[in-house]
Amino acid sequence: MTPASGAGSTTGAPPELGAAPASGAASLSLADEITSCATIAGQSPADLARQFGTPLFVYDLDLLSRRVEALATILPRGFKLAFAVKSNPALAVVAHLARCGIGADIASGGELETVLRAGFDPADITMTGPGKRPEELAAAVACGIGCITVESPGEMRRLEAIAAAAGRRQRVLFRLAVREDGPLERFSLIGAAGGGKFGMPLDDLRAAAGYAVASPHLEPLGVHAFGASNVLDAAELARHTEATVAIAKDVATQAGFRLSLVDVGGGLGIPYADGEPPLDLIRYGEALAGLRAGWDADSTLRDMEVLLEPGRFLVGPVGVYLARVVDVKGTPDAPIAILDGGVNHLVRPALIRQEQRLRLLPGGASDEPSRGAAELAAREVRPTTVAGPLCTGIDFFATAALLPRPEVGDLIAVLDAGAYGFTESMPLFLSHPIPAEVAVRGGRPQLIRARLTPTELLDRQVSPDW
């Protein structure tokens with residue numbers, strides 16, 4: 001597999017991976033976010049709401065470029081990036097990342113179609129995930145995908161038969177089953193008698209690697225192991241990388257193949273609360289550089305590449321969910337704002353039980369001072385409950401968010417909604433409209449997915465004439 005070796009910049013020229021940490025990494029902070037001075041990606045929230053309606057998702061593609069560049073800049077030689085498409089499969093977002101020059105990590109046939117349509121080179125695509133259907137494996141093999149991660153001995157044999165029928169030799173990684181119930185520093189294997197949805201116990205993985213070495217239709221590259229999600233500790237992430245490479249080296253040596261690729265998954269985190277420190281990119285880069293220096297002294301690891309699969313880190317902060325306040329109840333000291341959208345569009349706060357940062361924004365016309373930022377700033381700040389319109393007790397974004405006292409017509413932005421937002425939602429619940437998606441690039445907002453109304457969805461259904 002040869003994922004792209006660079007990442008995009010705002011100028012369009014991909015920086016060299018392995019360069020010394022530079023200003024891109026040093027300057028990236030929570031101050032560099034999509035909302036600033038009561039704007040969203042430099043746009044008036046009221047204008048966005050008027051042009052595209054609410055609720056809607058808004059993505060800042062220029063901020064996305066800066067995040068890709070900041071991460072690419074701190075990576076040592078031999079590290080590659082593949083965007084975890086599951087975090088945000090919007091075609092415009094994925095196509096922008098293809099232009100940035102990184103690879104793609106997919107987990108379904110639908111995501112394969114997305115990344116191919118977005119312009120990714122098949123050689124820069126990795127397919128992971130349990131339960132790959134035969135037709136999905138066949139489509140991946142047929143397009144010349146760079147690598148497929150096999151999750152079980154059975155899946156490996158099914159892939160072998162598909163590759164044989166296609167007259168191809170498919171490159172593969174072997175996914176290691178690891179526990180995901182603790183910090184990555186407690187990296188541990190699931191025992192030979194145990195099991196899990198993801199990957200194989202080590203004994204099964206060793207046997208699979210040996211089988212692949214003997215197969216004319218499989219080319220073993222290395223090991224894949226994903227440890228945990230949303231990790232903000234740079235040292236913890238580096239320890240996971242170190243442990244995965246050590247296991248991969250042992251597996252490759254025993255099976256008798258050259259270790260060329262180790263996929264350490266994603267897990268790079270973002271803060272979801274105000275004041276929470278972000279991942280220290282400089283420290284992360286220094287830790288990985290130390291590992292690279294050690295590997296370069298080992299003839300069996302000198303040419304090995306390491307693949308990172310960031311999703312949330314890249315796209316999370318570049319998106320917001322924008323909804324309008326349609327009712328205010330409660331008391332003056334503890335108001336309750338009801339929005340025109342809720343967990344039907346953004347279920348993560350309820351699913352993970354972790355509130356996300358909120359911003360109250362002016363919702364009136366640009367020339368209405370009563371809806372301006374100055375007027376909002378003059379309001380008293382109160383602990384505010386922010387809820388959606390759904391008939392369920394889980395439909396809350398926050399229970400005591402410190403916000404200026406809301407009024408009907410205001411807009412509320414849920415931040416960090418660029419990852420696991422619309423893609424992880426349950427949009428059919430209660431038959432509300434499905435939100436539009438808008439991307440902003442170079443100061444220009446553009447509709448990238450139109451709103452779907454209940455009528456349009458009903459038109460795709462049939463009531464049989466029994």
Side-chain angles (χ1 to χ4, degrees), residues 1-9 12-19 61 64-65 67-129 132 136 139-150 170-173 175 219 221-226 237 241 244-245 248 259-268 288 303-315 318 419:
M1 180 187 178
T2 56
S5 61
S9 69
E16 181 72 20
L17 284 181
L61 299 188
L64 179 54
S65 292
R67 294 188 71 84
V68 172
E69 183 173 7
L71 180 56
T73 298
I74 59 92
L75 295 179
R77 180 190 69 80
F79 277 76
K80 310 291 182 181
L81 295 175
F83 172 60
V85 175
K86 63 180 178 290
S87 63
N88 189 328
L91 181 61
V93 172
V94 178
H96 186 76
L97 286 161
R99 291 190 296 267
C100 285
I102 66 175
D105 165 60
I106 63 170
S108 72
E111 289 187 349
L112 175 61
E113 185 174 351
T114 297
V115 296
L116 292 176
R117 189 176 298 189
F120 280 91
D121 186 328
D124 297 335
I125 302 169
T126 301
M127 176 176 258
T128 61
K132 305 179 192 72
E136 292 176 313
V141 170
C143 80
I145 194 171
C147 183
I148 297 176
T149 294
V150 292
Q170 178 60 52
R171 289 165 288 187
V172 296
L173 292 170
R175 184 163 183 175
E219 179 183 350
L221 301 182
V223 168
H224 171 125
F226 179 83
L237 289 165
T241 299
T244 304
V245 169
L259 181 62
S260 58
L261 182 65
V262 175
D263 186 338
V264 298
L268 282 70
L288 295 181
D303 297 326
M304 172 198 67
E305 294 181 335
V306 177
L307 185 64
L308 305 179
E309 298 172 357
R312 184 195 321 268
F313 178 85
L314 295 180
V315 297
V318 312

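Residue numbers run from 1 in the order of the sequence given.
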Quick one: [atom1] on [X] to [atom2] on [Y], what's the gap to the nearest 0.5 Å?
X      : Y      : atom1 : atom2 : result
Met127 : Ser108 : CE    : OG    : 6.5 Å
Phe83  : Leu314 : CZ    : CG    : 7.0 Å
Cys147 : Leu221 : SG    : CG    : 5.0 Å
Leu237 : Leu308 : CG    : CG    : 9.0 Å
Glu309 : Ile102 : CD    : CD1   : 11.0 Å
Leu173 : Glu219 : CG    : CD    : 10.5 Å

Determine yes or no for a side-chain-to-main-chain donor-acceptor pair under 3.5 angstrom, with Glu69 supplying the side chain and Ser65 the backbone.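 Flag not set: sc Glu69 to bb Ser65 has no pair under 3.5 Å.
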Apply side chain to side chain contact (heavy atoms under 4.5 Å, CB included) to the pair Asp105 and Lys86, showing each step before the final yes or no. CA-CA 8 Å; Asp105 165 60; Lys86 63 180 178 290; 4.0 Å; yes
Can you tell which of Thr244, Leu307, Val223 makes a side-chain contact (heavy atoms from CB on, under 4.5 Å) with Asp263?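 The residue from Thr244, Leu307, Val223 that satisfies side-chain contact (heavy atoms from CB on, under 4.5 Å) with Asp263 turns out to be Leu307.
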Exactly one of Thr149, Ile106, Ile148 should register a side-chain contact (heavy atoms from CB on, under 4.5 Å) with Thr128. Which one does? Thr149
Looking at [X] and [Y], what are the two nearest heavy atoms and their distance?
X      : Y      : value
Phe120 : Leu97  : CZ-C, 4.0 Å
Ala118 : Ala98  : O-CB, 3.7 Å
Ser87  : Gly311 : OG-CA, 3.4 Å
Ala419 : Arg312 : CB-CA, 3.7 Å
Leu112 : Ile125 : CD1-CD1, 4.5 Å
Phe226 : Arg175 : CB-NH2, 3.9 Å

For Val315 and Arg67, what are the C-alpha separation, side-chain angles and deciding distance, and is it a side chain to side chain contact (heavy atoms under 4.5 Å, CB included)? CA-CA 8 Å; Val315 297; Arg67 294 188 71 84; over 6 Å; no
Contact between [X] and [Y] at the side-chain level, heavy atoms closer than 4.5 Å - yes or no?
X      : Y     : result
Leu75  : Leu81 : yes
Val68  : Leu71 : no
Arg117 : Leu91 : yes
Val318 : Val93 : no

